[in-house]
Amino acid sequence: CTFTDQRATERGGAIYASGPASGSIDRCSFTRCLNASNAIAFDQVTDSQAWSVSDCVFSGCGIYNYNSRPMFVQRCVFNRDPSFADARIESYNSPPEFDHCAFKNSGGSPSIYVGDSNYTILATCGFCRSAVEEISGYYFDNQQCVFNADCASDCDADGTPDQFEIKAG
């Protein structure tokens, strides 16, 4: 699935879930989809299952998770679009977990916001900047992540920096 330039007047420029909802979003591309820079929004989701987002690419937009269940994000790439918006994740009340994700926000605000009373779990992720610049809040590095990566090098032109791919195996 591909979402480009999708807009919404309330949370979630492309996808919005609220109430008793669970599921997965797989192999999608989100480009400049927004309501305050969020392509996907989970708001007060009450289902007992966590949301899953896999193998997606976010360019100039991200994910908003508020008062919802934890979400699991794996093998996704978050690209900052300097002429449009950051690609960031906001999850203030539920801990997000990221596995094998690449964050290419080479400027602007942090890639992950979790607030002062929440945390994020990282496993083998790559970031273009330092942890202080990329993560606003507490984080646990379950498997070693790469910070301050060379995000300009991408020999196979797949959108994921070479240093991330080499580290991930």
Side-chain angles (χ1 to χ4, degrees), residues 1-8 10-81 84-105 111-114 118 120-128 134-135 139-140 142-143 145-146 149 151 154 156-162 164-169:
C1 56
T2 300
F3 298 92
T4 303
D5 294 318
Q6 297 293 307
R7 303 285 194 273
E10 301 224 5
R11 297 181 177 108
I15 297 173
Y16 175 71
S18 182
S22 66
S24 63
I25 299 168
D26 302 316
R27 294 178 300 278
C28 293
S29 174
F30 301 92
T31 304
R32 295 183 171 193
C33 299
L34 64 87
N35 171 271
S37 76
N38 299 301
I40 301 172
F42 305 116
D43 184 23
Q44 301 184 23
V45 171
T46 58
D47 194 282
S48 62
Q49 301 296 316
W51 271 89
S52 165
V53 180
S54 304
D55 301 302
C56 293
V57 176
F58 296 84
S59 297
C61 53
I63 303 171
Y64 179 82
N65 188 31
Y66 184 74
N67 279 343
S68 293
R69 305 294 302 157
M71 66 177 172
F72 183 65
V73 182
Q74 62 185 353
R75 296 179 312 275
C76 291
V77 177
F78 296 86
N79 297 304
R80 178 175 187 258
D81 182 340
F84 190 69
D86 294 337
R88 67 183 186 201
I89 296 87
E90 297 178 68
S91 187
Y92 296 104
N93 302 87
S94 302
E97 185 172 343
F98 300 93
D99 182 24
H100 287 82
C101 291
F103 297 87
K104 297 179 4 177
N105 283 331
S111 296
I112 301 172
Y113 288 89
V114 292
N118 196 12
T120 187
I121 301 169
L122 304 172
T124 319
C125 293
F127 299 87
C128 296
E134 291 285 5
I135 303 168
Y139 72 95
F140 297 99
N142 278 352
Q143 294 177 5
C145 294
V146 175
C151 291
D154 184 15
D156 58 1
D158 66 351
T160 304
D162 295 335
F164 297 173
E165 292 177 321
I166 292 167
K167 179 72 178 174

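With sequence neighbours excluded, no residue forms a side-chain hydrogen bond (donor to acceptor under 3.5 Å, both in side chains) with E97. Remark: N142 engages I121, F140 in a side-chain contact (heavy atoms from CB on, under 4.5 Å) (not counting sequence neighbours). Shown here are the salt bridge (charged side-chain N to carboxylate O under 4.0 Å, His left out) partners of D26, two or more places apart in sequence or in another chain: there are none. Residues passing the side-chain hydrogen bond (donor to acceptor under 3.5 Å, both in side chains) test with S91 are N65, sequence neighbours excluded. With sequence neighbours excluded, the residues forming a ring pair (Phe, Tyr, Trp, His ring centres under 6.0 Å) with F98 are F103, listed by chain and number.
Contacts classified as salt bridge (charged side-chain N to carboxylate O under 4.0 Å, His left out) and involving residues 53-64 (residues at least two apart or in different chains) are given here: D55-R75.
Residues I40 and F30 meet the side-chain proximity criterion, which asks for heavy atoms closer than 4.5 Å. Between V73 and I63, the closest side-chain pair of non-hydrogen atoms falls below 4.5 Å.
Side chain of T120 to backbone of P96: a donor-acceptor contact under 3.5 angstrom is found.
Note that CD1 of I135 and SG of C125 are 8.5 Å apart. Values are rounded to the nearest 0.5 Å. Taking NE2 of H100 as the start and SG of C145 as the end, the distance is 9.5 Å to the nearest 0.5 Å. Between atom CZ of residue F3 and atom OG1 of residue T31 there is a gap of 11.0 Å, rounded to the nearest 0.5 Å. With values rounded to the nearest 0.5 angstrom, C1 atom SG is found 6.0 Å from I15 atom CD1. For the atom pair CD of E134 and CD1 of I112, the computed distance is 7.5 Å after rounding to the nearest 0.5 Å.
Across Q74 and S54, no two heavy atoms sit closer than the pair NE2-OG, 3.1 Å. A pairwise comparison of heavy atoms in A39 and C61 identifies CB-SG, 3.7 Å as the closest pair.
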